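Predicted model only: the values in this text are computed from it and were never measured. Every chain is numbered from 1, with letters handed out A, B, ... down the list of sequences.
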Number of protein chains: 2
Amino acid sequence: MAARMKDIAVDLGLSVVTVSKALRDHPDIGEATRRRVLERATELGYQPNLTARSLVTGQSWTIGLIVPDLLHPFFAGIAKAISGDIRPHGYGLLISSSDEDAEVERQQIRHLLARQVDVIVLASTQATADGLRDMAEQRTPHILLDRRFADADAHFVGNDDEAVGALATRHLIAQGCRRIAHLRGPAVSTAAGRLAGYRQALAEHGLPPAPGHVADLGPSGDHRGEEAGYAAARRLLAMSPRPDGLFCYNDPSALGAMRAVLEMGLSIPGDIAIIGCGNLSYADFLRIPLSSIDQGAKAIGQRVADLAVSLAGTRNLVGRNLVGGNLPDRNLPAPCHVDFIPPRLVARASTLRFNEE
Amino acid sequence: MAARMKDIAVDLGLSVVTVSKALRDHPDIGEATRRRVLERATELGYQPNLTARSLVTGQSWTIGLIVPDLLHPFFAGIAKAISGDIRPHGYGLLISSSDEDAEVERQQIRHLLARQVDVIVLASTQATADGLRDMAEQRTPHILLDRRFADADAHFVGNDDEAVGALATRHLIAQGCRRIAHLRGPAVSTAAGRLAGYRQALAEHGLPPAPGHVADLGPSGDHRGEEAGYAAARRLLAMSPRPDGLFCYNDPSALGAMRAVLEMGLSIPGDIAIIGCGNLSYADFLRIPLSSIDQGAKAIGQRVADLAVSLAGTRNLVGRNLVGGNLPDRNLPAPCHVDFIPPRLVARASTLRFNEE
DNA sequence: GTGAAAGCGCTAACAA
DNA sequence: TTGTTAGCGCTTTCAC
């Protein structure tokens, strides 16, 4: 079994307290003693039991992360960045995939709370902010990732999805598209935001919003995006006059749309220009390199990590012994931090109609 | 703050032990008492403090996972599968990326041990099995993932990389290739295994192994595979006679190789057939759909999860109080489990020379 | 500078 | 069926 402080203490004829202080560089320990302790600790390969430490300090040095799909490169990129950036601060990352299932997500939140994580980072699948209540009651700081709630003021890091939608749509307009359609994503804030941005860009340029130009990918728009994109694009292409530009909720649905277009013998971008969102890794190597909006997953992860680390110390430990009040008062410890990472347009062959780079 | 057992006990005029037993469906608790406890627990939104429970039971209900790169779809897929499959058993997953850095990996192992994880799952970047020592000393079961060590008999789940290499190479041979080259990966067991399989398949068919036909991707073969593949392929294509088939360590390097081939005005698969490994998600949508070996990431994750859960109960808690021996004896609790997930060939246009599907 | 006492929230053994 | 005692490994007062 692992060595304990007690083992070191007995070996050296010291008390556990002295060992504890020596190992944590407490000021009031003699230089000689400290060295002896450190030496013996190294010999034994001593590692402090973080579980025990957590129990007494109330800090677990763990950050919880819940994402809808860990295989999605956007969330995988964020997870990687968070993991790397909290590591030097001594934090560990407890990750779970909710599989886009609101019930699983709620269960995972409770699970993370039971584990006493210091902060929860959540890309929520829920329709409402109700699921945040458990965290608020436990006074566990939480950060919303990518997806927001209109009615909750919580910390948020992600894109301004209106900006995403406007950026993509303006690009299509600049490429000469005039009948621009949109493949709309599932019922989360990102889809609503991108749709709003799309409408705003059309309005700016005096382009009439044709109602049929917004096709819904349905609830499977995220994990089965390619199929959903194919089906939705076929519906759009049957219209007359045919759209000449298409802004897709994400890259997989854009790939599906491309397949539909090519199958009909139409050309991209000549007949219809297509842009996605997410900037998937090998977009350059596709049959037709896909223009996309890069969401800056790495930057998002870094900002989340910074915020999480700063919040982790915050957890309010007072109040327990004062009164028997079980329901906490809701004073939020700090003002909410809302951090929009600017999206970036990556134009490739699927939209470039004028041979400009 | 969160409710504790004590709160429930006081409210109901019971002892903490009774509450504890009631909440865990211990047999010797009266039905009426149990119901009262459960009811009050629900009212208070009680969640057991798993940190405290861990301290006393010695089980943390946590599994640690260390991968070289969480953004790599292979590892992301495994992580997702593990996470999903251990969840119903009540386990959480503590994940970290080692960034292909052996020192970071060793540090993360110590970190996970300090957190008392029940099992460590490791896709190791180390050159030797030395890094496994800490886990053995703490008697923490561990599972090697994807990458093995010749000198260590540890639990392993992954592909039989010789089979991977042979499968890919035999496919090229079947497509009529006779001068088959290989882009060799970095210094881990997967690369060595795939190379061996490549050689074996050549030998089976009496094809002479030309030494110049094995080009090294260098140490960056995993995270900067595309560039490395491009550079290595250019070297190969300068040979005379030119190779007519190419088995690449992974898909990114295959994309790089494709770029090199196309830049030279050669055709794929006419002049040279190319196959990768990993079966990246959108291989079908590439300029030339890429043949690849699917490693079965999901299946690997599932097997890891099963094994991890079965191992998690194993951790030997005896021996502590018997004698003062700090160094454990090395009796391994169970025979090592080696689980090869069969790789699967996915043939696409980049190798299909005979118009067969 | 060092250590004794107390306790974090929970569970395991044993007593009542 | 319920409660008492003890202790998991560590940190935090507060004496000495």
Side-chain angles (χ1 to χ4, degrees), chain A residues 1-38 41 44 46-61 90 113-116 118 138 315 317-321 326, chain B residues 1-37 41 44 46-61 90 113-116 118 138 315-321 326:
Chain A
M1 279 297 280
R4 302 155 304 170
M5 284 191 177
K6 190 177 179 188
D7 299 320
I8 300 178
V10 169
D11 288 359
L12 265 39
L14 293 169
S15 81
V16 176
V17 193
T18 307
V19 174
S20 169
K21 286 178 176 166
L23 289 172
R24 284 174 302 142
D25 275 339
H26 211 85
D28 52 37
I29 292 292
E31 190 45 37
T33 313
R34 188 201 317 289
R35 251 205 305 276
R36 285 174 65 217
V37 170
L38 259 44
L44 294 177
Y46 172 80
Q47 286 293 125
N49 182 327
L50 260 25
T51 301
R53 179 181 289 175
S54 292
L55 186 57
V56 42
T57 61
Q59 272 208 272
S60 64
W61 294 92
L113 290 174
R115 286 174 182 278
Q116 314 294 115
D118 296 328
Q138 291 242 17
R315 197 126 84 102
L317 295 170
V318 301
R320 147 70 54 70
N321 301 316
N326 287 314
Chain B
M1 280 296 283
R4 302 156 304 168
M5 285 192 177
K6 191 177 181 186
D7 299 321
I8 300 179
V10 168
D11 287 358
L12 264 41
L14 293 169
S15 81
V16 175
V17 190
T18 307
V19 174
S20 169
K21 287 177 176 167
L23 288 172
R24 284 175 303 144
D25 273 338
H26 213 82
D28 50 38
I29 291 292
E31 190 46 38
T33 313
R34 187 200 319 289
R35 250 205 305 276
R36 287 175 63 217
V37 170
L44 294 177
Y46 173 80
Q47 285 294 125
N49 182 328
L50 295 184
T51 300
R53 180 181 288 175
S54 293
L55 187 57
V56 43
T57 61
Q59 273 208 271
S60 64
W61 294 92
L113 290 174
R115 287 175 182 278
Q116 314 295 113
D118 295 329
Q138 290 243 17
R315 198 124 85 102
N316 203 339
L317 296 170
V318 303
R320 147 70 53 71
N321 301 316
N326 286 314

Between [N] atom [atom2] and [X] atom [atom1], what is the distance in whole Å?
{"X": "A/D28", "N": "C/dG3", "atom1": "CG", "atom2": "C1'", "result": "11 Å"}
{"X": "A/L12", "N": "C/dT2", "atom1": "CG", "atom2": "C1'", "result": "14 Å"}
{"X": "A/I29", "N": "D/dT12", "atom1": "CD1", "atom2": "C1'", "result": "14 Å"}
{"X": "A/W61", "N": "D/dT11", "atom1": "CH2", "atom2": "P", "result": "12 Å"}
{"X": "B/R35", "N": "D/dT1", "atom1": "CZ", "atom2": "P", "result": "14 Å"}
{"X": "A/Q59", "N": "D/dC10", "atom1": "CD", "atom2": "C1'", "result": "15 Å"}

By side-chain hydrogen bond (donor to acceptor under 3.5 Å, both in side chains) - contacts of [X] (at least two apart):
{"X": "A/S54", "answer": "none"}
{"X": "A/R36", "answer": "none"}
{"X": "B/T51", "answer": "none"}

Answer yes or no: does a side-chain N or O of B/S15 lie under 4.0 Å from OP1 or OP2 of D/dG3? yes
Indicate whether OP1 or OP2 belonging to D/dT2 is found under 4.0 Å from a side-chain N or O atom of B/T33. yes
For A/R53, which residues count as a side chain to side chain contact (heavy atoms under 4.5 Å, CB included) partner, sequence neighbours excluded? A/R24, A/P48, A/L50, A/T57
Partner residues of B/D25 under the side chain to side chain contact (heavy atoms under 4.5 Å, CB included) criterion, sequence neighbours left out: B/R34
Testing the basics here: between A/S60 and A/D118, what is the closest heavy-atom pair and its distance to 0.1 Å? N-OD1, 3.0 Å
One pair to check against side chain to side chain contact (heavy atoms under 4.5 Å, CB included): A/N49 and A/R4. What are the steps and the verdict? CA-CA 8 Å; A/N49 182 327; A/R4 302 155 304 170; over 6 Å; no
Can you give one letter per nucleotide of nucleotides 11-16 of chain C, 5' to 3': B if a protein heavy atom sits under 4.0 Å from the base, S if only from the sugar-phosphate, - if neither? BBB---
Residue whose nearest DNA chain D nucleotide is more 5′ - B/L14 or A/N49: B/L14
Have a look at the helix from C/dG1-D/dC16 to C/dA16-D/dT1 and give the angle its two end axes make, five pairs each, rounded to 10 degrees. 40°
